[in-house]
Amino acid sequence: VSTQSTWGNGMIISGSWDHDIRLWSFTNLEGDDTPGGGCIAVLAGHEHWVSWLQFKGHTLISCSGDKTVKVWDLQQRKCVRTLSTNHGDAVRCVAFEDDTLVTASFDQTVKIWRRSPCSA
């Protein structure tokens, strides 16, 4: 595990050296009070290790050694957008709030991204 984040509802999200993101449940999948749980979903798409995760609501942002940032819909459990960052090295961490995304890389740069509104 290279990174992890608690999602709520007895869930944890992990990113790993195997390029995948996993959603884990701490509760019994049968719905009773006995201990249980386990991996309930695997989100695949990065081509290198997953270095950082951040989520808000049902949106998960991940970054990776493949120099990309991915936006995931946790309800649909799929990637909805991939951002090629043009960093010269792995993206080490990411933070987002509203329409602003910040990436930091092992290339010693920080980039600030703003989502522009679509024009009709």
Side-chain angles (χ1 to χ4, degrees):
V1 175
S2 61
T3 188
Q4 64 184 20
S5 188
T6 305
W7 181 26
N9 295 330
M11 302 285 293
I12 192 167
I13 305 169
S14 66
S16 183
W17 289 93
D18 69 1
H19 311 179
D20 292 335
I21 298 166
R22 286 182 169 72
L23 281 60
W24 301 86
S25 173
F26 286 118
T27 58
N28 187 304
L29 300 178
E30 301 300 319
D32 59 27
D33 292 333
T34 59
C39 181
I40 60 169
V42 177
L43 307 178
H46 281 293
E47 296 177 7
H48 212 286
W49 58 283
V50 178
S51 56
W52 197 267
L53 301 170
Q54 184 189 352
F55 69 92
K56 185 175 184 181
H58 294 285
T59 300
L60 173 70
I61 305 288
S62 63
C63 61
S64 170
D66 62 12
K67 305 177 189 175
T68 66
V69 171
K70 292 190 179 286
V71 180
W72 304 86
D73 182 316
L74 290 174
Q75 287 183 313
Q76 296 180 20
R77 297 183 180 163
K78 70 177 189 175
C79 180
V80 295
R81 185 165 188 192
T82 299
L83 174 65
S84 297
T85 64
N86 295 319
H87 276 293
D89 204 343
V91 181
R92 175 62 186 107
C93 59
V94 63
F96 76 98
E97 185 66 38
D98 299 323
D99 290 338
T100 303
L101 178 84
V102 179
T103 57
S105 170
F106 283 114
D107 67 7
Q108 301 181 2
T109 63
V110 173
K111 295 186 179 188
I112 300 172
W113 309 82
R114 296 203 197 288
R115 182 173 41 189
S116 59
C118 296
S119 55

Exercise. Is Ile13 close to Leu74 at the side-chain level, that is, under 4.5 Å between some pair of heavy atoms?
Worked result: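 Side chain of Leu74 against side chain of Ile13, heavy atoms only: contact under 4.5 Å found.
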Problem set entry | Pairwise side-chain contact, Leu101 with Val71, heavy-atom cut-off 4.5 Å (strictly under) |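 With C-beta onward as the side chain, the pair stays apart.
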For this session: Would you mind listing every salt bridge (Lys or Arg N to Asp or Glu O under 4.0 Å) that reaches into residues 45-55, with sequence neighbours excluded?
Result: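 Qualifying pairs, neighbours excluded: none.
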Can you name the residues that form a side chain to side chain contact (heavy atoms under 4.5 Å, CB included) with [X], not counting sequence neighbours?
X	value
Val110	Val102, Ala104
Lys67	Thr85
His48	Ser64, Asp66
Asp18	Ser16, Asp20, Arg22

Shortest non-hydrogen contact from [X] to [Y]?
X	Y	value
Trp24	Ser14	NE1-OG, 2.9 Å
Trp113	Thr103	NE1-OG1, 3.1 Å
Leu53	Ser62	CD2-CB, 3.6 Å
Cys63	Val91	CB-CG1, 3.5 Å
Ser105	Ala90	OG-O, 2.8 Å

Problem set entry | Result of checking Val42, Leu43, Leu60 against Arg77 for side chain to side chain contact (heavy atoms under 4.5 Å, CB included) |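 Considering Val42, Leu43, Leu60, a side chain to side chain contact (heavy atoms under 4.5 Å, CB included) with Arg77 is found only for Leu43.
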Exercise. Roughly how far apart are Cys79 SG and His46 NE2, rounded to 0.5 Å?
Worked result: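 Taking SG in Cys79 and NE2 in His46, the distance rounds to 7.5 Å.
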Exercise. Could you walk me through whether Glu97 and Lys56 pass the side chain to side chain contact (heavy atoms under 4.5 Å, CB included) check?
Worked result: CA-CA 9 Å; Glu97 185 66 38; Lys56 185 175 184 181; 2.7 Å; yes
For this session: Please determine, by modelled atom types, if Arg114 and Thr100 share a side-chain donor-acceptor pair under 3.5 angstrom.
Result: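 Yes, side-chain donor-acceptor contact under 3.5 Å.
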Problem set entry | Residues Ile21, Lys70; criterion side chain to side chain contact (heavy atoms under 4.5 Å, CB included); working and verdict | CA-CA 11 Å; Ile21 298 166; Lys70 292 190 179 286; over 6 Å; no
Problem set entry | Sequence-distant partners of Thr109, side-chain hydrogen bond (donor to acceptor under 3.5 Å, both in side chains), two or more places apart |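 With sequence neighbours excluded, Thr109 shows a side-chain hydrogen bond (donor to acceptor under 3.5 Å, both in side chains) to His87, Asp107, given in chain and number order.
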Exercise. Does Asp99 have any side-chain hydrogen bond (donor to acceptor under 3.5 Å, both in side chains) partners at least two apart in sequence or in another chain, and if so, which?
Worked result: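 Asp99 satisfies side-chain hydrogen bond (donor to acceptor under 3.5 Å, both in side chains) with Arg115 only.
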For this session: Please work out whether the ring planes of Trp49 and Trp17 are parallel, tilted or perpendicular, with thresholds of 30° and 60°.
Result: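 Parallel: the ring planes of Trp49 and Trp17 meet at under 30°.
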